[in-house]
Every structure is written in C-alpha cells, then in structure tokens.
Enquirer: 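Below is one structure. I have some questions about it.
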Amino acid sequence: MTEHKPEPRLLDRVRESIRLRHYSLRTEEAYVHWIRRFILYHGKRHPAEMGHEEVRAFLSYLAQERTVSASTQNQALAALLFLYGKVLERPLEELREVERAKRRSRVPEVFTPDEARRVLAHLQGTHWLMASLLYGSGLRLLECLRLRVKDVDFGYRQLTVRDGKGGKDRVTMLPGSLEEPLRRQIEHAAALHAQDLREGYGSVYLPDALARKFPRAASELGWQYLFPSAKRSRDPRSGLERRHHLDEKTLQRAVHAAIRAAGVRKHASCHTFRHSFATHLLQAGYDIRTVQDLLGHRDVKMTMVSPMRCRRAPSA
C-alpha cells in the first residue's frame, strides 16, 4: 500500500515555485514575507478562499494606513500576483480602484568631487575599495558585492557586471588608480579560496544554469567572489557550506559613519556614489548615452539628473 504524502504547505509551495523559475533568494524572501502578511491581515484565511477583493483591500491598507512607498506596495502586489497566478493557478482579474501609494519625486543627492574624496578618506581597506568602485565605476551596491574575480579585466581596464538590474550584463570602466588595490584584493580572495580547498570546501554559489553547464566552475578561482566573506556559511537553499560575498550592511554602516566623520550634511548613502559618478561624468563632458550604457539604464530619462548639477562645476 502506497504511503500518502501530505500536501506541501502553501509557503513551501511558493518557495518551490520560485526556485523552479530561478528567482533570487532576495525575491523569494520578499514574496514569502508579503504573502504571509496578506494571510495574517485577513485573519489567517487561506488565499484559495479569497480573491481580488481581499488583495485590493490589503494593498489599500498598505497605502492608507501603513503609508508604504509606491515601490513597497508594488512589491507586495507582485508577490500576490505570483501567488495567485503561478502557485494557486487562479490569475487575478485586473485590479482596479486600488489606493496607490504616492510616488515622491526627489532629486537624488550628489557629492561634490571634494565631498566624495573626503568621505573616501574616512574609509579603509576593503570598505574603501568597494566605495571607490561605486564612485569610480558607477556600480550599485549589490553589483559590487557580487563581482567575481573573472569580472575584473586589467588589460582593457573594465569591469563586467553580470546579471545586473533587469537581468542584464554590462561593461563599465575600471579606474587606473584602483588597479593595484584590486590586484591585492584578488590575492586575498585567492588565499581564502586555497584555504577552503585544503579544508574540503571551495565551491561557490553559481546560478543553476551555469552550475549545470560548467559543473567544475564553482571551484575555480575565477568564479569566486571578489569580496569574499571572512567566514563560510550554509546556503539556505542547498544546505552546502560555502563562502559567500560580504554582507551589504557592513559597507552601508561604514559609509554612513564616513559621511558623518567627513562633515557632509546630505542625506547620502552608498547609492550617492553612483549618482555622483554619473553627474561628474556629465560635468566632464561625457555624452549622456555613454553614461546611460555605463550605468545600465534602459531609458535615458533614468540617467538624467538635475540640470543645475549637470553644469560644469568649478574644480574642487
């Protein structure tokens, strides 16, 4: 007699469906979070017993009572559309009359060249190098952390950003002043990798398609993270012990402290270096289309910044 297996719990089904589609771990965590909140908001009712009316009520609640940002509300909506369309196979009708969170139009903060130098001067070691790449190459924080050793091309002085925002690859510039620090960083990554191999580890995370196509690549130096974590950790999906990249919070905290220490009174963050990269290139006479390509923007409108900041500024 065949043993009857219990049906997987809903959130486990959500995770399985997300992993089958090779979504990132961050997306998985976000979707599970919003689906759980949706269920709790409706008194732990099963989503199969609910529909577009309950989804509309939850999204309106987020906008009206929780006053979440438009991007946060859109993320919650994406999670619920995924739940109903891909897991429960009951695609929701078009959601109308939902109270939308208001998008706030803000001009991004930009460091002057002097401010950027002062902030960088209050950073040291790996934090200095990562922040210098954000500013000198226009990288997003996670793009920097996810760089692999093989993505650094000293011959052409360029960096390859793989699977950036929107799932696209791009190439951006590598400042010559960072060449030697990057060579030392690669030596550090190589030493940690050699230690892992000696201890029976050394296999890094690769996207599923790459892991299948190149089964030995995960243990090669070129695929190791450029900024590896000091300690190995267990992969929450595979259960394997691996060395991941540094946690983004370590750089965020260091940059916030450096901004304060430098006396820069702007609402700035790691991302401010990326805005500054674009603005300073435009001020230096670079074509906006070139800057758009370096940043990996789909639309040139995303590259445009305040006209006042695009004017040639006096050298700091």
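All values below were derived from every heavy atom in this structure, side-chain atoms included, with hydrogens, water molecules and symmetry-related copies excluded. The residues of the chain are indexed from 1 along the displayed sequence.
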Enquirer: When you measure from the centre of the six-membered ring of Tyr225, is the NZ or CZ of Arg148 closer than 6.0 Å and no more than 45° off the axis?
Expert: yes
Enquirer: Applying a strict under-4.5 Å side-chain criterion to I, L, V, M, F, W and Y, I'd like to know whether Leu81 and Tyr41 cluster together.
Expert: yes
Enquirer: Please report the interatomic distance CG(Leu129) to CZ(Arg184), rounded to the nearest 0.5 Å.
Expert: 8.5 Å
Enquirer: Is there a side chain to side chain contact (heavy atoms under 4.5 Å, CB included) between Trp128 and Leu178? Walk through the geometry before answering.
Expert: CA-CA 10 Å; Trp128 172 84; Leu178 299 182; 3.7 Å; yes
Enquirer: About how many Å separate SG of Cys270 and CD1 of Ile259, when rounded to the nearest 0.5 Å?
Expert: 7.5 Å
Enquirer: Taking salt bridge (Lys or Arg N to Asp or Glu O under 4.0 Å) as the test, write out the residues that go with Arg274, two or more places apart.
Expert: none
Enquirer: How would you list, by chain and number, every residue that makes a side chain to side chain contact (heavy atoms under 4.5 Å, CB included) with Arg198, sequence neighbours excluded?
Expert: Ala194, Gln195
Enquirer: Going by salt bridge (Lys or Arg N to Asp or Glu O under 4.0 Å), name the residues that satisfy it together with Glu180, two or more places apart in sequence or in a different chain.
Expert: Arg183
Enquirer: With a 4.5 Å heavy-atom cut-off, do Phe277 and Leu294 have their side chains touching?
Expert: yes
Enquirer: Partners of Glu241 by salt bridge (Lys or Arg N to Asp or Glu O under 4.0 Å), sequence neighbours excluded?
Expert: Arg232, Arg234
Enquirer: Is the closest basic N to carboxylate O distance between Glu115 and Arg118 below 4.0 Å?
Expert: no
Enquirer: Only counting residues at least two apart or in another chain, list the ones meeting side chain to side chain contact (heavy atoms under 4.5 Å, CB included) with His193.
Expert: Leu197, Leu221, Gln224
Enquirer: side-chain hydrogen bond (donor to acceptor under 3.5 Å, both in side chains) with Thr172: which residues, sequence neighbours excluded?
Expert: none
Enquirer: Name all residues meeting the side-chain hydrogen bond (donor to acceptor under 3.5 Å, both in side chains) criterion together with His127; count only those two or more places apart in sequence or in a different chain, and write none if there are none.
Expert: none
Enquirer: With heavy-atom distances below 4.5 Å as the criterion, would you say the side chains of Arg157 and Glu179 are in contact?
Expert: yes
Enquirer: Nearest 0.5 angstrom please: Ser276 OG to Leu134 CG, how far?
Expert: 10.5 Å
Enquirer: Would you tell me whether Tyr135 and His280 have side-chain atoms, one donor and one acceptor, within less than 3.5 Å of each other?
Expert: yes
Enquirer: Should Arg289 and Asp293 count as an ion pair when the cut-off is N to O under 4.0 Å?
Expert: no
Enquirer: Please tell me if the side chains of Leu240 and Ser203 come closer than 4.5 Å, counting only heavy atoms from C-beta onward.
Expert: no
Enquirer: Please find the pair of heavy atoms, one from Lys266 and one from Thr112, that lie closest to each other, and give the distance.
Expert: NZ-N, 4.1 Å
Enquirer: Is the shortest heavy-atom distance from the side chain of Gln185 to the side chain of Pro228 under 4.5 Å?
Expert: yes
Enquirer: In the single-linkage hydrophobic clustering (I, L, V, M, F, W, Y; side-chain heavy atoms under 4.5 Å), do Leu246 and Leu192 co-cluster?
Expert: no
Enquirer: Not counting sequence neighbours, which residues clear side-chain hydrogen bond (donor to acceptor under 3.5 Å, both in side chains) with Thr72? List them please.
Expert: Ser69
Enquirer: Do Asp153 and Thr160 have side-chain heavy atoms sitting under 4.5 Å apart?
Expert: no
Enquirer: Suppose we screen for side chain to side chain contact (heavy atoms under 4.5 Å, CB included). Which residues come up paired with Ser233, at least two apart in sequence or across chains?
Expert: His244
Enquirer: Answer whether the closest heavy-atom distance between the side chains of Arg66 and Tyr61 falls below 4.5 Å.
Expert: yes
Enquirer: List for me each residue that meets side chain to side chain contact (heavy atoms under 4.5 Å, CB included) alongside Lys249, sequence neighbours excluded, and say none if there are none.
Expert: Asp247, Gln252, Arg253
Enquirer: Evaluate the side-chain proximity of Val161 to Val171: yes if any heavy-atom separation is below 4.5 Å, no if none is.
Expert: no
Enquirer: According to the interplanar angle, ranging from 0 to 90°, do the rings of Tyr31 and Phe82 count as parallel (below 30°), tilted (30 to 60°) or perpendicular (above 60°)?
Expert: tilted
Enquirer: How far does OG1 of Thr250 sit from CG of Leu145, to the nearest 0.5 angstrom?
Expert: 7.0 Å
Enquirer: Less than 4.5 Å apart, any side-chain heavy atom of Leu147 and any of Val152?
Expert: no
Enquirer: Judged by modelled atom types alone, do Arg13 and Ser17 share a side-chain donor-acceptor pair under 3.5 Å?
Expert: no
Enquirer: With sequence neighbours excluded, tell me which residues meet salt bridge (Lys or Arg N to Asp or Glu O under 4.0 Å) with Glu220.
Expert: none
Enquirer: According to the salt bridge (charged side-chain N to carboxylate O under 4.0 Å, His left out) rule, which pairs have a member within residues 32-43, sequence neighbours left out?
Expert: none
